[in-house]
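All heavy atoms count here, side chains included; hydrogens, waters and symmetry mates do not.
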Amino acid sequence: MGWKRRLIIALAACAVLLTGSAGCGSRDARGQDGASPPPAGRLLDERDREGRPYREVGGEDAPGVGIEVTPDTDGGWDVRLTVRNFRFSPEGTGGRAAAGRGLARLYVDDRLVAVLRTPEYRLSARFVPRGTHRVTARLYADDGSVWAVDGEPVESTADVTVSERDPGADPDASPDASPAATPSATGGPATGGPATGGPAAGPAGGADSGG
């Protein structure tokens with residue numbers, strides 16, 4: 001057998017291996033021990049109001065979220081989320097859970113108002129009429145499951161209060177409702193400032209529905 005024929009046979013054998021699981025000099029994508037990579041967290045029996053299961057994670061790599069709600073000049077509210085160990089997935093991301101990734105759902109008094117893929121959102125005044133309301137952001141994985149720590153959803157909540165403007169305070173003022181925020185973290189009313197729910201120890205979260 002000539003050297004050219006031996007070379008052709010060797011190349012053919014390498015090609016066959018490349019189409020298999022090992023390849024020439026390559027490692028199995030499943031890892032050195034042949035095991036599949038571990039899943040992102042562990043699904044629990046608990047579910048949210050929409051029936052989505054909780055996905056338990058723990059340790060220092062667990063995601064967290066804080067929420068700040070500030071009245072804007074147009075009567076609405078600026079919502080800002082602060083996340084840790086978490087990245088927002090862009091539109092069109094596949095429906096498979098990946099550690100530390102996903103989206104946030106924003107709720108007002110347990111009503112879904114937006115799905116967030118960025119940390120900032122403007123909340124329309126129509127979702128926050130006169131009175132005190134709870135604005136909650138909750139983190140979800142790309143498969144729709146709820147990120148959870150110690151069996152509790154990763155979320156954060158801020159209380160906001162909308163009071164009626166006093167026309168006597170400003171001759172040019174409209175009698176329409178004027179937003180005033182009451183921070184839930186401090187427990188006492190402090191109208192006029194931002195309402196915040198910080199990512200304290202344990203789960204924190206935030207999310208809104210877009211639709």
Side-chain angles (χ1 to χ4, degrees), residues 28-69 77-124 126-128 133-160 184-185 195-211:
D28 193 331
R30 296 168 63 88
Q32 294 183 6
D33 58 359
S36 298
R42 175 174 59 91
L43 290 179
L44 305 179
D45 293 334
E46 289 81 359
R47 295 176 178 267
D48 68 0
R49 290 176 177 268
E50 288 81 26
R52 299 181 179 90
Y54 288 5
R55 183 176 291 276
E56 177 77 14
V57 291
E60 297 180 354
D61 295 332
V65 63
I67 184 172
E68 181 178 4
V69 184
W77 300 84
D78 291 326
V79 178
R80 178 184 293 273
L81 306 183
T82 303
V83 297
R84 63 171 182 268
N85 298 328
F86 184 82
R87 290 185 299 165
F88 289 95
S89 298
E91 191 72 33
T93 300
R96 180 178 181 181
R101 296 194 60 171
L103 51 85
R105 295 178 184 270
L106 193 66
Y107 297 84
V108 176
D109 298 331
D110 295 326
R111 176 190 177 188
L112 180 63
V113 296
V115 173
L116 304 183
R117 295 186 180 274
T118 62
E120 297 180 354
Y121 180 75
R122 184 185 181 277
L123 181 62
S124 173
R126 67 188 179 93
F127 291 116
V128 191
H133 306 274
R134 295 177 63 81
V135 181
T136 300
R138 184 177 302 142
L139 299 186
Y140 289 76
D142 290 318
D143 67 347
S145 57
V146 187
W147 289 116
V149 175
D150 294 331
E152 297 294 334
V154 178
E155 64 181 27
S156 185
T157 298
D159 289 348
V160 297
S184 62
T196 60
D208 200 291
S209 141

side-chain contact (heavy atoms from CB on, under 4.5 Å), that's the test. Do D78 and R122 meet it? Break it down for me.
CA-CA 5 Å; D78 291 326; R122 184 185 181 277; 4.1 Å; yes

Let's go through V135 and F127 carefully: what are the C-alpha distance in whole Å and the side-chain angles of both, what is the deciding distance for side-chain contact (heavy atoms from CB on, under 4.5 Å) to 0.1 Å, and is it a yes or a no?
CA-CA 10 Å; V135 181; F127 291 116; over 6 Å; no

Between R134 and the options D159, D109, D110, the salt bridge (charged side-chain N to carboxylate O under 4.0 Å, His left out) test singles out D159

Give me the atom names and distance for the closest heavy-atom approach of V57 to P63.
CG2-CD, 3.5 Å

Nearest heavy-atom contact between W77 and V69 is CE3-CG1, 3.5 Å

Drop me the distance from D143's CG to L43's CG, to the nearest 0.5 angstrom.
7.0 Å

Approximate separation, where rounding is to 0.5 Å, of E56 CD and E46 CD:
8.5 Å

Could you tell me whether R138 sits above the aromatic face of Y107, with NZ or CZ closer than 6.0 angstrom to the six-membered ring centre and within 45 degrees of the axis?
yes

For R80, does the CZ atom sit with more than 12 other heavy atoms under 6.0 Å from it, leaving out its own atoms?
no

Nearest atoms (heavy-atom pairs only) where V113 meets Y121
O-OH, 4.1 Å

Would you say N85 and W147 make side-chain contact, with heavy atoms under 4.5 Å?
no

Okay, side chain of R117, backbone of L103: is any donor-acceptor separation there less than 3.5 Å?
no

What's the shortest heavy-atom distance between S145 and R55, and which atoms?
OG-NE, 2.9 Å

Measure the spacing between CD of E152 and CG of D150 and express it to the nearest 0.5 Å.
8.0 Å

What pair of heavy atoms forms the shortest contact from A40 to A98, and how long is it?
CB-C, 3.9 Å

How about T93 and D142: does a side-chain donor come under 3.5 Å of a side-chain acceptor?
no

Which pair of heavy atoms, one from L44 and one from G151, lies closest together, and at what distance?
CD1-CA, 4.1 Å

Kindly determine whether L139 and V146 satisfy side-chain contact (heavy atoms from CB on, under 4.5 Å), including the steps that lead there.
CA-CA 6 Å; L139 299 186; V146 187; over 6 Å; no

